[in-house]
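These numbers come from the heavy atoms of this one structure, side chains and all, not from hydrogens, waters or symmetry mates.
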Amino acid sequence: MKSYRAFLGWWIGGLIAFGITHSFHVPLVIDAVPGGILDHQAASTAAEVNRIQADWEAAGLLGQARTAMLTDLVFIVIYSFGAWLGGLWFRRNGQGVVRVLGNVIVWAAVFFLLSDLGETILQLKELLAGKGSNSYAAIHSTLQPVKQVAWVISFVGIVICIIADWLSRKRA
């Protein structure tokens, strides 16, 4: 049970960190950049990154963008670790589909960690350099959908496993 509590603590901590980092992302949504940080993540060329960063600079938001990306790094690590612990727990302690889903969650957490860290680090490097990079933009725009799918799989998988685990304990 101790490892279950550790998983829940890290995973819920990751969700709280997501809420906090999201609050830093909200001001980056402006008329010129309606998708905010998501537009920066999806920007596949240096020219588009430069346009977004220039729009944020004109709005006085470059510091906000740096803070948002730095808090994103913290969220990524906390959430990924929690999801990974959860996947391990369900893989080890679950029955049938829950055990299989636990294994899927483990891998989704790893893919989320690697893809989102890679994406965010490259974005932060562009932001700190004050200019976009075609190679970085190509990579982070490719990593964006990978991390999104991995996050959804890990999140939904954990919710399903928690519910299935709760229902099986209730019946017992």
Ile162 pairs by side chain to side chain contact (heavy atoms under 4.5 Å, CB included) with which of Asp165, Ile158, Ile160? Ile158
Hey, does Met69 have a side-chain heavy atom less than 4.5 Å from the side chain of Ile37? yes
Close aromatic pair by centroid cut-off 6.0 Å: Trp89 and Phe7: no
Could you tell me whether the side chain of Phe112 reaches within less than 4.5 Å of the side chain of Tyr79, counting heavy atoms only? yes
Would Leu62 and Val26 show up in the same hydrophobic cluster when neighbours are defined by side-chain heavy atoms closer than 4.5 Å? no
Decide whether Leu127 and Val49 are clustered together by the hydrophobic rule: side chain heavy atoms of Ile, Leu, Val, Met, Phe, Trp, Tyr closer than 4.5 Å, transitively. no
Classify the ring geometry between Trp107 and Phe111 as parallel (under 30°), tilted (30 to 60°) or perpendicular (over 60°). tilted
Where Gly35 and Val29 come nearest, the two heavy atoms and their spacing: C-CG2, 4.3 Å
Value for CD (Glu57) from CD1 (Ile52), rounded to nearest 0.5 Å, stands at 14.0 Å
Kindly assign one of parallel, tilted or perpendicular to the pair His22 and Phe18, based on the angle between their ring planes and the thresholds 30° and 60°. parallel
Any chance the side chains of His40 and Glu48 put a donor and an acceptor closer than 3.5 Å? no
Would you please test Thr71 and Ile20 for side-chain contact (heavy atoms from CB on, under 4.5 Å) and show each step? CA-CA 8 Å; Thr71 62; Ile20 292 167; 5.5 Å; no
Heavy-atom distance under 4.5 Å between the side chains of Leu143 and Gln41, does that happen here? no
Go through the steps to decide whether His25 and Asp72 satisfy the test side-chain contact (heavy atoms from CB on, under 4.5 Å), and finish with yes or no. CA-CA 9 Å; His25 287 252; Asp72 208 12; 4.1 Å; yes
Are Phe155 and Val97 connected in the hydrophobic side-chain network, where two residues link if heavy atoms are under 4.5 Å apart? no
Heavy-atom count check: over 12 atoms from other residues, nucleotides or ligands less than 6.0 Å from Tyr136 OH? no
Applying side-chain contact (heavy atoms from CB on, under 4.5 Å), run through Gln144 and Leu38 and close with a yes or a no. CA-CA 9 Å; Gln144 184 195 37; Leu38 295 175; 3.8 Å; yes
Ignoring hydrogens, what is the shortest heavy-atom contact between Val106 and Gly87? Give both atom names and the distance. CG2-C, 3.4 Å
Under the criterion ring pair (Phe, Tyr, Trp, His ring centres under 6.0 Å), which of Phe81, Tyr4, Trp84 is the partner of Trp10? Phe81
CD of Gln64 to CG of Leu28, rounded to nearest 0.5 Å, is 5.5 Å
Ser44 and Ser141: side chain donor to acceptor below 3.5 Å: no
For the residue pair Ala17 and Ile78, what are the closest heavy atoms and their distance? CB-CD1, 4.3 Å
When rounded to the nearest 0.5 angstrom, what distance separates CD1 in Ile76 from CD in Glu119? 7.5 Å
Indicate whether any N or O donor in one side chain lies under 3.5 Å from an N or O acceptor in the other, for His140 and Glu126. yes
Taking C-beta and beyond as the side chain, do Arg92 and Ser3 meet within less than 4.5 Å on heavy atoms? yes
Linking I/L/V/M/F/W/Y whenever any side-chain heavy atoms sit under 4.5 Å apart, do Leu117 and Val146 land together? no
On a heavy-atom basis, which atom in Asp31 and which in Pro34 lie closest, and how many Å separate them? O-CD, 3.6 Å
State, with a plain yes or no, whether a side-chain heavy atom of Val149 is found less than 4.5 Å away from one of Ile153. yes
Quick check: is Ile139 connected to Leu124 through a chain of hydrophobic side chains (ILVMFWY, heavy atoms under 4.5 Å apart)? no
Please report the shortest heavy-atom distance between Gly130 and Gln53, naming the atom on each side. C-NE2, 3.8 Å
Roughly how far apart are Ile105 CD1 and Ser154 OG, rounded to 0.5 Å? 7.5 Å
CD1 of Ile121 to CG of Leu73: how many Å apart, nearest 0.5 Å? 6.0 Å
Would the distance check show the side chain of Arg91 and the main-chain N or O of Asn103 forming a donor-acceptor pair, the cut-off being under 3.5 Å? no
Between the OG atom in Ser80 and the CG atom in Asp116, the distance rounded to the nearest 0.5 Å is 7.0 Å
Leu85 versus Trp11: any side-chain heavy-atom pair under 4.5 Å? no
Would you find a donor on one side and an acceptor on the other, under 3.5 Å apart, between the side chain of Asn134 and the backbone of Ala46? yes
